[in-house]
Structures are given as structure tokens and as C-alpha cells.
Peer 1: 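One structure is given below, represented as C-alpha cells, and several questions about it will come after.
For the single chain, residues carry numbers from 1 onward in sequence order.
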Amino acid sequence: KVFMKVEGEKIKAIPEEDVDRTSAEGKASSVQFIHFKFTNDQIAKFKNTSEIEVGIDHEHYSHTTKLADITIKSLSSDFI
């Protein structure tokens, strides 16, 4: 239910499922990893806008926040 919104377009997060992060006692890890699969067009938009939101859209918890310009700049460098 996590997403990024770039110029009004929602990009849904994909949870990392290749590693079981639950202990033998049944305790789940407090750290979970998600990925966003951007198209080339979405990457270009990401790099050229200052309006990016990250949010959670769950029936029991919903929240969004805008990313700061410095965060957008830092994340933009992750795109190859």
C-alpha cells in the first residue's frame, strides 16, 4: 500500500520477498524493504520536478508527505 506520486502519477511499491525476515520464534523484523519500478519516462519526470510525494494508502492508516528538494536530488542520483 506504499506509493510514490510523481507529477500526479502513482508508482506502487513492490515488497522484497526473497528473504524471510521472521525469526524462528515468530518475531517479524521491524525493517522491511520495498522497491519502486520506474519507467524511463517516470525517471525523467522524477529528475525534473520538485513535487514528489511518498504515501501509504491503507484502510486503517493513510498518510502522505512531500519530499524535500535535497531528498529528491539525492534519490535522483540513484537512477543510472
Peer 1: I'd like to know if Asp69 pairs up with Lys73 as an ion pair, taking the criterion as any Lys NZ or Arg NE/NH1/NH2 lying under 4.0 Å from an Asp or Glu carboxylate oxygen.
Peer 2: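 Salt bridge between Asp69 and Lys73, a charged N being under 4.0 Å from a carboxylate O: no.
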Peer 1: When you look at CG of Asn40, are more than 12 heavy atoms from neighbouring residues, nucleotides or ligands closer to it than 6.0 Å?
Peer 2: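 It does not: Asn40 CG has 12 such atoms or fewer within range.
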Peer 1: To the closest 0.5 Å, what do you measure between NE2 (His63) and NE2 (His58)?
Peer 2: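 Going from the NE2 atom of His63 to the NE2 atom of His58 covers 16.0 Å.
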Peer 1: Between atom CD1 of Ile56 and atom OG1 of Thr65, what is the distance when rounded to the nearest 0.5 Å?
Peer 2: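 Answer rounded to 0.5 Å: 10.5 Å.
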Peer 1: So is Lys12 actually on top of Phe3's ring, under 6.0 Å and inside 45° of the axis?
Peer 2: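 Lys12 over Phe3 ring: no.
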Peer 1: Using a 3.5 Å distance criterion without hydrogens, assess whether the side chain of Ser77 forms a donor-acceptor pair with backbone atoms of Ser74.
Peer 2: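 It does hold such a pair.
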Peer 1: Could you give the distance from CZ (Phe36) to CD (Gln42), rounded to the nearest 0.5 Å?
Peer 2: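 Taking CZ in Phe36 and CD in Gln42, the distance rounds to 11.5 Å.
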Peer 1: Can you tell me how far the CE atom of Met4 sits from the CZ atom of Phe38, to the nearest 0.5 Å?
Peer 2: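 Those atoms lie 5.0 Å apart.
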Peer 1: Quick one: closest heavy-atom pair of Ser62 and Asp57, and the distance?
Peer 2: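 The pair with the smallest heavy-atom distance is OG-OD1, 4.2 Å.
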Peer 1: Roughly how far, to the nearest 0.5 Å, is CD of Glu9 from CD1 of Ile52?
Peer 2: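 If we round to the nearest 0.5 Å, Ile52:CD1 and Glu9:CD are 11.5 Å apart.
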Peer 1: Hydrophobic clusters here meaning ILVMFWY residues chained together by side-chain heavy-atom distances under 4.5 Å, can you tell me if Tyr61 and Val54 are in one?
Peer 2: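 Linked within one cluster.
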Peer 1: May I ask whether Phe79 and Leu75 are part of the same hydrophobic cluster, defined by side-chain heavy atoms of I, L, V, M, F, W, Y residues being less than 4.5 angstrom apart, directly or through others?
Peer 2: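 As far as the 4.5 Å side-chain criterion goes, Leu75 and Phe79 are connected within one cluster.
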Peer 1: From Thr64 OG1 over to Glu53 CD, what is the distance, rounded to the nearest 0.5 angstrom?
Peer 2: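 These two atoms lie 4.5 Å from each other.
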Peer 1: I'd like to know if Glu51 and Lys5 make a salt bridge, using a cut-off of under 4.0 Å between side-chain N and carboxylate O.
Peer 2: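 No salt bridge links Glu51 with Lys5.
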Peer 1: In a check of side chain to side chain contact (heavy atoms under 4.5 Å, CB included) between Ile11 and each of Thr39, Val6, Val2, which one passes?
Peer 2: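 It is Val6; the other options fail the test.
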Peer 1: Judged by atom type as modelled, is there a donor-acceptor pair below 3.5 Å linking the side chain of Ser76 to the main-chain atoms of Ile72?
Peer 2: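 Yes: the side chain of Ser76 pairs with the backbone of Ile72.
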